[in-house]
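Below, each value reflects all heavy atoms present in this structure, side chains not excepted, and no hydrogens, waters or symmetry copies.
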Amino acid sequence: QKEVEQNSGPLSVPEGAIASLNCTYSDRGSQSFFWYRQYSGKSPELIMFIYSNGDKEDGRFTAQLNKASQYVSLLIRDSQPSDSATYLCAVIKGANSKLTFGKGITLSVRP
Amino acid sequence: SAVISQKPSRDICQRGTSLTIQCQVDSQVTMMFWYRQQPGQSLTLIATANQGSEATYESGFVIDKFPISRPNLTFSTLTVSNMSPEDSSIYLCSVEGTGSYQETQYFGPGTRLLVL
């Protein structure tokens with residue numbers, strides 16, 4: 001089992017819809033969880049991080065963490081064409097531990 | 001977040017040669033990281049570079065192939081040695097955040113390398 005898995009894509013949603021991106025991780029000791037957005041030809045950009053179970057909202061983005069089920073998700077409300085990018089889930093197991101990335105999922109928002 | 005720059009932004013190199021990539025940060029950071037992103041793939045950590053100590057390499061990466069320098073708290077270099085076409089990739093440096101964001105990492109713009 002891969003350390004960080006993201007469901008296969010690509011994902012296509014119409015403009016204005018909610019995009020749901022999921023990620024599971026294998027190590028129960030994982031403590032910190034991150035979502036990065038990467039536009040084609042660009043470097044990853046941090047969108048959100050979450051440490052505690054539950055939801056964390058920032059504008060149109062909501063990160064959800066469920067440690068018991070070992071998954072973290074990212075919801076994008078009112079999706080815009082500018083949200084079209086690859087979204088990378090990343091996990092840290094503890095302090096000073098490395099950031100492990102999933103393979104990413106490509107989101108396309110149709111106008 | 002810190003402002004990170006990398007040089008060169010891209011390069012085309014011949015096999016057997018070496019390329020040194022520079023990463024400059026506008027503030028002092030303890031930890032800097034070097035990643036590789038092969039075409040269509042996710043990011044793989046090459047090594048962690050702390051100022052004043054030897055870099056710590058991940059499994060599958062060795063110092064002879066990817067020597068790293070970290071002369072001060074704002075600068076690091078990664079050298080890709082004796083290159084082959086398989087080294088064609090994007091190389092990214094990142095730095096840790098500060099304060100309550102210390103576990104986060106912020107990435108430089110990347111160096112796109114093509115080895116012929």
When rounded to the nearest 0.5 angstrom, what is the spacing between OG in B:Ser94 and OH in A:Tyr36? 7.0 Å
Please name all residues satisfying side-chain contact (heavy atoms from CB on, under 4.5 Å) with A:Arg60, sequence neighbours left out, ordered by chain then number. A:Ile76, A:Asp78, A:Gln80, A:Asp83
Test item: B:Tyr35 and A:Leu99 side chains (from C-beta on) under 4.5 Å apart, heavy atoms: yes
Does B:Arg15, at its CZ atom, have more than 12 non-hydrogen atoms belonging to other residues, nucleotides or ligands within less than 6.0 Å? no
Measure distances from B:Leu43 to the heavy atoms of chain A and classify the residue's part below 4.5 Å as side chain, backbone, both or neither. both
Quick check for you: to the nearest 0.5 Å, what is the distance between B:Gln105 atom CD and A:Phe101 atom CZ? 6.5 Å
If you round to the nearest 0.5 Å, how far is OG1 of B:Thr104 from CD1 of A:Ile92? 8.0 Å
Is there a side-chain contact between A:Lys98 and B:Glu58 (heavy atoms, below 4.5 Å)? yes
Okay, side chain of A:Ser43, backbone of B:Gly110: is any donor-acceptor separation there less than 3.5 Å? no
For atom CG of B:Leu114, decide whether the heavy atoms of other residues, nucleotides or ligands shown that lie under 6.0 angstrom number more than 12. yes
Do A:Leu21 and A:Phe61 land in one hydrophobic cluster if side-chain heavy atoms of ILVMFWY residues count as linked below 4.5 Å? yes
In one Ile/Leu/Val/Met/Phe/Trp/Tyr side-chain cluster, 4.5 Å: A:Tyr51, A:Leu46: yes
A:Leu88 versus chain B, heavy atoms under 4.5 Å apart: side chain, backbone, both or neither? side chain
Looking at residues at least two apart in the chain, or sitting in another chain, which of them share a side-chain hydrogen bond (donor to acceptor under 3.5 Å, both in side chains) with A:Glu45? A:Arg37
